[in-house]
Amino acid sequence: MRPVLAILRAVPLVVALGVGVGTAAGAQGGGEASTEHDPLGYVVDLDELDDPASIDAGEELFRTGCVSCHGLGGVGAPSGPPLYDAGAASAHFYLTTGRMPHTGSPEEQATRKPPVYSPEEIEDLVAYVASLGDGPPIPEVDPASASLQEGGDLYRAICAACHSASGAGGALSYGHNAPSLDEATPVQIYEAMLIGPGQMPKFDAYSEEELDSIVAYVGQLQRLEDPGGLSLGRVGPIPEGFVAIVIGTGGTMLAALLIGRRLHDDADPASPSAQEGER
Ligand code: HEC
Ligand code: HEC
């Protein structure tokens, strides 16, 4: 009985390994967790953020990596704002987009970079920053159920002025810029609207449904970025994972079609394709 159980338990692991290898080509980027199981880009486990052990570990990381600018306990310092109302949403956005730890002077814009911290460390830091006050939690994002039509209308009305109609971004005053929306994950897009990073205003007065619609529309813009091109290197891990699945499924279907056609031709010599072959 025991060995059988052991084998049964190993099955999911083997399947998971197979899937991992199959999409390894598509996975990239430090703190961005595997998109195979995380298409929205959560990176962290939302259920772990209340865990006291995680909060303690986060405090430890905060002491070495963040107090120089944000002060002990996040009270703020000359080179960084207080973090009382930042909340999990802001900490998650700034850490998963690699904006924090900030490099450069406080006036300089924090820009997107590969994350410095691992997904576990990000989880701990988010848990700690969230414990400092009652800022917004990481949102539950559901673009699949949203309206692209409504998202497009809203995007053109309230986002395009800064990020351009195509999402390519644009220049603002004081050498700052509204970045391209190419690389933002669904969770990061939603969070940006909740927290208003840098010079971006907050859009937290909109309904969850409206925010989900905008997230869905930005996702559409990201997919339209390279019409008709095979640019797997640029589009990022999410679409690449999809491509792996589509090619895999498509290939299997093609094989099934070819096999099916041959059987059909053998069985029915009068079929047009069989006659063509005899000519
Ligand atoms: C070199 C200084 C510096 C370091 C180090 C630094 N920060 Fe920051 N941080 C800033 C500045 C400046 C801003 C404001 C910039 C902005 O909003 O674009 C900021 C903004 C933030 C915000 C957004 C605040 C809000 O009101 O929503 C969060 C969250 C944050 N930092 C977390 C961290 C964490 C966590 C660390 C450690 C891993 C860290 N920072 C390290 C300078 C720093
Ligand atoms: C007033 C100009 C302005 C408007 C309007 C605006 N943004 Fe932004 N947005 C910015 C700026 C500036 C940043 C960079 C913030 C920083 O310095 O950290 C930004 C950053 C972002 C990011 C992070 C991108 C990344 O990859 O790191 C997302 C996502 C985003 N905005 C989405 C939106 C959406 C969606 C809307 C409409 C609901 C919107 N923005 C409206 C100026 C704007």
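In this chain, residues are counted from 1 in sequence order. Whatever order the structure lists them in is the order used to number ligands and atoms, beginning at 1.
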For [atom], what's the nearest protein heavy-atom neighbour? Residue, atom name and distance, please.
atom: atom 38 (C) of ligand 1; value: Cys66 SG, 2.7 Å
atom: atom 41 (C) of ligand 2; value: Phe203 CE1, 3.5 Å
atom: atom 26 (O) of ligand 2; value: Arg112 NH1, 2.8 Å
atom: atom 5 (C) of ligand 1; value: Gly65 O, 3.5 Å
atom: atom 20 (C) of ligand 1; value: Met100 CE, 3.4 Å
atom: atom 13 (C) of ligand 1; value: Pro81 CD, 3.4 Å
atom: atom 40 (N) of ligand 1; value: His70 NE2, 2.8 Å

| Close N or O approach (Ser68, ligand 1; < 3.5 Å) | no
| field | Backbone or side-chain N or O of Tyr94 under 3.5 Å from ligand 1 N or O | value | yes
Counting heavy atoms only, which of [options] is nearest [atom]?
atom: atom 12 (C) of ligand 1; options: Ser79, Gly76, Pro136, Ser105; value: Ser79
atom: atom 24 (C) of ligand 1; options: Val129, Leu83, Val67, Ile122; value: Leu83
atom: atom 25 (C) of ligand 1; options: Gly196, Ala77, Ser90; value: Ser90

Under 4.0 Å to a heavy atom of [X] - the qualifying atoms of ligand 2, by number:
X: Asn177; result: 12 (C)
X: Ile214; result: 35 (C)
X: Phe93; result: 23 (C)
X: Arg99; result: 14 (C), 16 (C), 18 (O), 23 (C), 25 (C), 27 (O)
X: Ile189; result: 29 (C)
X: Ala110; result: 16 (C), 17 (O), 18 (O)
X: Leu172; result: 12 (C)
X: Ala184; result: 26 (O), 29 (C)

| query | For ligand 1, which part of His102 has a heavy atom less than 4.0 Å away: the side chain, the backbone, both, or neither? | reply | both
| query | Heavy atom under 4.0 Å from ligand 1: found in Gln109's side chain, backbone, both, or neither? | reply | neither
| task | Using non-hydrogen atoms of the residue, decide whether Tyr117 is closer than 4.0 angstrom to ligand 1. | result | yes
| message | Quick check on Ile195 - does any of its heavy atoms sit under 4.0 Å from an atom of ligand 1? | response | no
| query | What protein N, O or S atoms come within a distance below 2.8 Å of atom 8 (Fe) of ligand 2, ordered by chain and number? | reply | His163 NE2, Met200 SD
| task | Kindly confirm or rule out a cation-pi arrangement of Arg63 over Tyr128, judged by NZ or CZ under 6.0 Å from the six-membered ring centre and within 45° of its axis? | result | no
Taking the side chain as C-beta and beyond, is there a heavy-atom pair between [X] and [Y] under 4.5 Å?
X: Val141; Y: Asp212; answer: yes
X: Glu208; Y: Asp142; answer: no
X: Ile195; Y: Tyr94; answer: yes
X: His163; Y: Pro179; answer: yes
X: Ser213; Y: Tyr155; answer: no
X: Ser90; Y: Val129; answer: no
X: Phe62; Y: His70; answer: yes

| Any donor and acceptor pair, going by atom type alone, linking the side chain of Gln222 with main-chain N or O of Ala184 inside 3.5 Å? | yes
| query | At a 4.0 Å cut-off, with the gap strictly under it, does some heavy atom of Pro201 reach an atom of ligand 2? | reply | yes
| Residue-ligand contact Glu183/ligand 2, heavy atom below 4.0 Å | no
| query | N/O to N/O below 3.5 Å, does that happen between Gln188 and ligand 2? | reply | no
| query | Under a 4.0 Å heavy-atom limit, does Leu154 contact ligand 2 with its side chain, its backbone, both, or neither? | reply | neither
| message | Regarding Cys69, does it place an N, O or S atom less than 2.8 Å from atom 8 (Fe) of ligand 1? | response | no
| Judged by modelled atom types alone, do Glu123 and Ser54 share a side-chain donor-acceptor pair under 3.5 Å? | no
